[in-house]
Amino acid sequence: MAITLHSYLHRTREDFKELIKMPGRIRIVKGAFATAVGLSMPRGRELDEVYLSYVNELLQAGHKCSIATHHYEIQQEAKKLVDLYKPSQADYEFESLYGIQEENLWALKAEGYMTKLYFVYGTEWYLYLCNRLAEYPLNLFRALTDVVGE
């Protein structure tokens, strides 16, 4: 069993309290989709801190955890938490989306951290792609470089 929690949703704190009691992997993401006013927090330092607090709680509790983010600074802070709590390799992983800042994931793998590269599919793939581009516009240049060849 596994579940994904969107850290930007205000309701996630209550959901988290219940889900951490259950077995199975909890995958933490910031959240990429538009929500109705009042349901989620905006991107920024506060959201980054909330995201890392969930990662901290999972690792501290020895709960299976997927750290799903392309945000380099968050990856670096999460590395410190992994180094602090020393979970088994089966209990955590860093995840990243294929084609977006993969070099960060490869660097984590080279340092010995558990990693997973994933792919988006389904009916909402285009919306997800647009959100990723809006979050980090330089991804567009990376995509163009990949298309034309380096």
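Scope of the values below: all heavy atoms of this structure, side chains included, with no hydrogens, waters or symmetry mates.
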Heavy atoms of other groups near Glu46 CD, more than 12 under 6.0 Å: no

Sub-3.5 Å donor-acceptor pair from the side chain of Lys86 to the main-chain atoms of Asp83, do we have one? yes

For Cys65, does its backbone N or O pair with a side-chain atom of Arg25 as donor and acceptor, under 3.5 Å? yes

Lys/Arg N to Asp/Glu carboxylate O, Arg11 vs Glu14, below 4.0 Å: no

Electrostatic pair Glu57:Arg13 at N-O distance under 4.0 angstrom: yes

Answer whether the closest heavy-atom distance between the side chains of Val29 and Ser7 falls below 4.5 Å. no

Separation of Leu108 CG from Thr115 OG1 (nearest 0.5 Å): 7.5 Å

Which atom names give the shortest non-hydrogen contact between Gln101 and Ser96, and what distance separates them? O-OG, 4.4 Å

If you compare all heavy atoms of Gly38 against all heavy atoms of His10, which two are closest, and at what distance to 0.1 Å? O-CD2, 3.1 Å

Once rounded to the nearest 0.5 Å, what's the spacing between atom CD1 of Ile3 and atom CG of Asp15? 7.5 Å

Fit a plane to each ring of Phe94 and Tyr92, take the angle between them on a 0 to 90° scale, and name the class: parallel (under 30°), tilted (30 to 60°) or perpendicular (over 60°). perpendicular

Under 4.5 Å between any side-chain heavy atoms of Ile67 and Gln75, yes or no? no

As an exercise, state the distance from CD1 of Ile74 to CG of Leu81, rounded to the nearest 0.5 Å. 11.0 Å

Does His6 offer a backbone N or O that forms a donor-acceptor pair with the side chain of Thr12 under 3.5 Å? yes

In this structure, CG of Leu58 is separated from CD1 of Ile20 (nearest 0.5 Å) by 5.0 Å

Should Tyr51 and Tyr72 be counted in the same cluster of Ile, Leu, Val, Met, Phe, Trp and Tyr side chains packed under 4.5 Å apart? no

Is there side-chain contact between Val55 and Leu59, with heavy atoms separated by less than 4.5 Å? yes

Heavy-atom closest pair, residues Asp48 and Lys30: OD1-NZ, 3.0 Å

Using 30° and 60° as the class limits, which term best fits the ring planes of Tyr54 and Phe16: parallel, tilted or perpendicular? tilted

Check: Tyr8 and Leu39 side chains under 4.5 Å, non-hydrogen atoms: no

How many angstroms lie between atom CG of Asn104 and atom NZ of Lys109, to the nearest 0.5 angstrom? 15.0 Å

Do His70 side-chain atoms and Leu105 backbone N/O form a donor-acceptor pair below 3.5 Å? no

For the pair Thr69 (side chain) and His71 (backbone), establish whether a donor and an acceptor sit closer than 3.5 Å, ignoring hydrogens and angles. yes

Asp91 versus Ser88, side-chain donor and acceptor atoms under 3.5 Å: yes

Which pair of non-hydrogen atoms, one from Val50 and one from Met41, has the smallest distance, and what is that distance? CG2-CE, 4.0 Å

Roughly how far, to the nearest 0.5 Å, is the NZ atom of Lys116 from the CD atom of Glu95? 5.0 Å

pair Pro87-Val82: side-chain heavy atoms closer than 4.5 Å: yes

SB check Lys79 Glu111 (cutoff 4.0 Å): yes

Arg27 side chain to Tyr118 side chain, donor-acceptor N/O pair below 3.5 angstrom: yes

